[in-house]
Amino acid sequence: QEAAKYEKKVMVLDFVTPTPLGNSWGLGGTCVNVGCIPKKLMHQAALLGQALQDSRKFGWEFAEEVKHNWMTMTESVQNYIGSLNWGYRVALREKKVTYENAYGEFVGPHTVKATNKRGVEKLYTAERFLIATGERPRYLGIPGDKEYCISSDDLFSLPYCPGKTLVVGASYVALECAGFLAGLGLDVTVMVRSILLRGFDQDMANKIGEYMEEHGINFIREFVPIKVEQIEEGTPGRLKVTAKSTKGNQIIEGEYNTVLLAIGRDACTRNIGLDKVGVMINEKTGKIPVNDEEQTNVPYIYAVGDILQDKLELTPVAIQAGRLLVRRLYGDATSKCDYVNVPTTVFTPLEYGACGYSEEAAVEKFGEENIEVYHSYFWPLEWTVPSRDNNKCYAKIICNIQDNERVIGFHVLGPNAGEVTQGFAAAIKCGMTKEQLSSTIGIHPVCAEV
Amino acid sequence: GKYEYDLVVIGGGSGGLACAKEAAQFGRKVAVLDYVEPSQRGTKWGLGGTCVNVGCIPKKLMHQAALLGSALKDAQHYGWNIAQPVHHTWSVMAQAVQNYVKSLNWGHRVQLQDKKVKYFNMKGSFSDPHTIRGLTKAGKETIVTAENIVIATGGRPKYPTHIAGALEYGITSDDLFWLKESPGKTNRSFTVFCILPSGLNLLSCSFPLVKSALYLPNTPNREKVVCCDKHFFAYCDYCSLRSAMDFCKLWEQSIVMDYAHQNQLKTLVLASSKKAPDTKTLNLETVGVKTNSETGKIIVDASEATSVPHIYAVGDITEGRPELTPTAIAAGKLLAQRLFGQSSELMDYDNVPTTVFTPLEYGCVGLSEDAAVQCYGSDNIEVYHAYYKPLEFTVAERDATQCYMKMVCLREREQRILGLHFIGPNAGEVIQGFALGIK
């Protein structure tokens with residue numbers, strides 16, 4: 001869309017290879033279809049379930065039994081996604097960007113082959129190319145995984161309630177999904193191989209896990225599934241999962257209606273002909289290394305988004321990188337995407353917003369004696385009347401003593417964590433120090449004032 | 001020493017308590033006098049001041065109750081099956097809110113005790129520059145002397161006494177949060193009218209728990225009013241709104257009571273923007289503390305000092321300061337640090353963020369567009385703005401036409417941000433971090 005503004009002749013090839021269970025979706029990518037958007041809406045549905053409970057304490061009265069209808073929610077969510085897909089198509093058309101719903105792969109220098117659903121092939125040439133194919137969920141490689149398990153690619157459009165669910169994985173995808181499924185009233189178990197939220201501040205990750213556990217989500221730690229079998233067909237059916245301990249020979253079995261795999265995502269770079277044009281990828285991870293201008297080793301081929309090596313897998317980062325790249329190529333801009341101090345939020349039942357260094361990373365980079373951590377538990381005012389936990393919401397900032405106690409890490413666990421974090425990310429970019437933080441007046445009464 | 005106490009604070013609210021507790025940290029002998037003169041309707045409350053008892057805290061909780069009502073509607077779109085009818089019982093909410101407030105009263109008393117601050121539940125007034133006379137409800141008198149005195153008596157709602165019937169029949173925020181029963185039944189024969197020159201906060205309490213109408217005459221904060229009132233109109237029953245406009249014209253002609261009887265008004269809630277500072281009974285003239293003749297507020301300098309060197313004032317009672325709890329707390333603490341802790345840091349009143357907790361919240365920090373234009377000239381200002389739709393509103397099919405934000409900047413070079421304004425859900429959470437960035 002940005003390139004079209006410079007009156008360049010632009011084409012977008014987008015194609016969704018169906019999931020093992022046959023699921024597919026429209027234009028917009030992971031975020032719109034099977035990521036951020038449906039995730040947040042289902043998280044909101046779960047939060048509203050909690051709000052219903054709270055509201056009784058605030059004087060609202062209605063029938064004791066309140067049930068959730070999965071189909072009503074999923075239909076609404078899918079309708080909204082459909083409107084976004086359509087919106088993107090319209091936007092591309094208006095900006096005169098050619099869109100083809102076809103699978104693109106390189107066949108030679110400056111040339112791609114586009115194959116549509118019906119197998120019809122076309123060739124296109126271009127001066128420059130941008131690879132932004134993203135990733136897809138990884139499977140375990142065990143018997144029954146592709147036949148019987150679902151992934152986040154299937155969950156958000158599942159045409160039946162998943163029922164008793166086993167979530168395999170400890171990524172934010174796993175925890176967010178487990179979180180909202182439980183919030184909708186389902187029996188949820190999370191099977192974790194080792195630690196939660198690898199790469200995130202572990203202190204915060206553990207608090208998130210604790211909260212989830214205290215609120216009815218079962219955790220099976222240090223086990224991995226080795227086999228998934230079907231006991232009974234159905235929507236949902238019944239599945240038997242056999243798992244082995246990572247620490248010994250113990251074997252356990254469990255029965256679930258649905259098994260959701262969320263163990264990681266693999267870059268879509270293996271089957272797009274990169275070898276034909278000489279673009280180097282990391283053989284192990286499939287990711288593409290780029291320089292700080294998002295250029296691959298082939299000068300006319302660029303890449304943005306989840307497929308980049310050593311960069312953050314986030315929608316806003318991909319958007320920014322894409323836009324700035326185009327402005328550098330066709331406009332007079334020189335600014336590069338700043339991948340430092342990017343804020344993010346994990347939408348678990350207790351939300352976690354963060355920006356900057358985790359405590360471990362700060363200690364590693366600066367040394368324990370050179371950092372100071374300030375922290376506080378807090379009790380959101382809205383939680384007082386309904387008697388919700390008064391010792392779970394938590395905030396901490398990590399400061400660099402040697403640099404005027406500059407705030408290098410910001411972490412908050414509580415409601416609306418994303419809204420709280422956003423402004424602080426701007427302040428961190430401005431180089432905020434602890435003293436400035438302390439002397440800024442709080443807005444009362446809100447969580448952010450802590 | 002010469003005096004009984006190093007510091008006596010008159011007023012146990014946000015500013016007063018913060019100052020007293022901070023002074024006690026330095027090992028000083030501190031006393032706090034707090035007394036609540038009952039409202040016109042006889043309502044009174046415990047230690048903690050306006051914020052805790054009849055301000056921020058109960059306001060936000062009742063606002064939350066109203067938001068939860070919206071959440072109940074949203075929830076149905078997200079698949080939650082809630083059997084109708086759904087109704088709200090004021091007394092359940094009020095009880096829960098009042099219990100929480102009482103726990104805070106108690107918490108403050110315990111804190112004062114822990115920090116060895118002497119607490120007098122007495123009404124204070126000056127006998128001489130270093131002597132305070134405290135009077136209990138029963139009329140018992142106690143005299144205390146102090147080297148330093150901080151006045152933090154805050155303000156109380158002002159009644160429009162020139163309008164017949166207001167005093168006898170109207171209630172204010174002092175009473176609203178302590179009502180045991182609903183201010184108005186939710187059927188067509190009873191309607192609660194809120195007269196709000198700028199007290200927009202109250203609307204979130206009375207709506208949508210009762211049907212209400214509102215009147216928003218021109219105020220200096222024109223933008224707040226314009227952006228919010230369309231939203232209210234969308235919520236309110238239009239026919240009651242019509243009556244409210246008529247009602248208010250009649251109000252100005254002082255024949256409000258006839259109209260009220262005709263329309264079977266049950267409760268009239270008055271929310272004036274002007275608070276009456278509680279300075280009359282302090283006896284300030286005796287000791288020479290100067291007040292603003294128009295507002296009645298105490299005049300202070302940048303170090304919170306009044307015209308009398310050892311007498312200070314913080315909070316809503318001071319002239320020219322924002323009437324906010326966090327600024328009162330910060331000012332109180334810094335004052336104590338300057339008096340007893342070798343600090344020289346003054347309170348910075350610039351760029352204080354705040355939020356109005358209307359049904360669609362409004363958070364802001366810095367200059368309004370009007371103020372920026374006035375200060376720098378419209379040629380030197382650039383305003384960036386956008387409407388947006390919160391994702392959560394999509395499935396819920398809620399109207400997002402008023403979700404809006406704008407950034408008022410200087411036009412030159414780096415375009416420094418002078419003011420940030422945000423209307424939408426969780427406005428306070430959104431603005432807080434940006435306030436830091438602006439600083």
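Residue numbering restarts at 1 for every chain, and letters A, B, ... go by the order of the sequence lines.
Contact annotation for Leu334(B): neither backbone nor side-chain heavy atoms come within less than 4.5 Å of a heavy atom of chain A. Only the backbone of Gln76(B) comes within less than 4.5 Å of a heavy atom in chain A; its side chain stays farther off. Proximity to chain A involves both the backbone and the side chain of Thr89(B), based on heavy atoms less than 4.5 angstrom apart. Contacts between Ile329(B) and chain A at a heavy-atom distance below 4.5 Å are absent for every atom of the residue. Proximity to chain A is limited to the side chain of Ala330(B), based on heavy atoms less than 4.5 angstrom apart. With a 4.5 Å cut-off on non-hydrogen atoms, His87(B) touches chain A through its backbone and its side chain both.
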- Message: Before you tell me yes or no, could you show the steps for Trp80(B) and Thr72(A) under side-chain contact (heavy atoms from CB on, under 4.5 Å), namely the whole-Å CA-CA distance, both residues' side-chain angles and the distance that decides it to 0.1 Å?
- Response: CA-CA 8 Å; Trp80(B) 290 99; Thr72(A) 306; over 6 Å; no
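Side-chain N or O atoms of His444(A) include none that pairs as donor or acceptor with a backbone N or O of Ile57(B) at under 3.5 Å. A donor-acceptor contact shorter than 3.5 Å links the side chain of Gln432(B) to the backbone of Ile443(A).
Closest non-hydrogen pair, Leu381(A) versus Lys60(B), comes out as CD2-CB, 3.5 Å. Considering all non-hydrogen atoms of both residues, Asn416(A) and Glu429(B) come closest at CB-CG, 4.3 Å. Considering every non-hydrogen atom in both Tyr78(B) and Met73(A), the closest pair reads O-CB, 3.3 Å. Across all their heavy atoms, Pro326(B) and Gly442(A) have their closest contact at CG-O, 3.0 Å. Taking each heavy atom of Pro445(A) and Cys56(B) in turn, the nearest pair found is CG-O, 3.7 Å. Closest approach of Ala71(B) and Ala51(A) over heavy atoms only: CB-CB, 4.1 Å.
The residue among Asp54(A), Leu47(A), Leu48(A) with the most heavy atom pairs within less than 4.5 Å of chain B is Leu48(A).
Of the inter-residue distances, the one linking Ser439(A) atom OG with Asp348(B) atom CG reads 7.5 Å to the nearest 0.5 angstrom.
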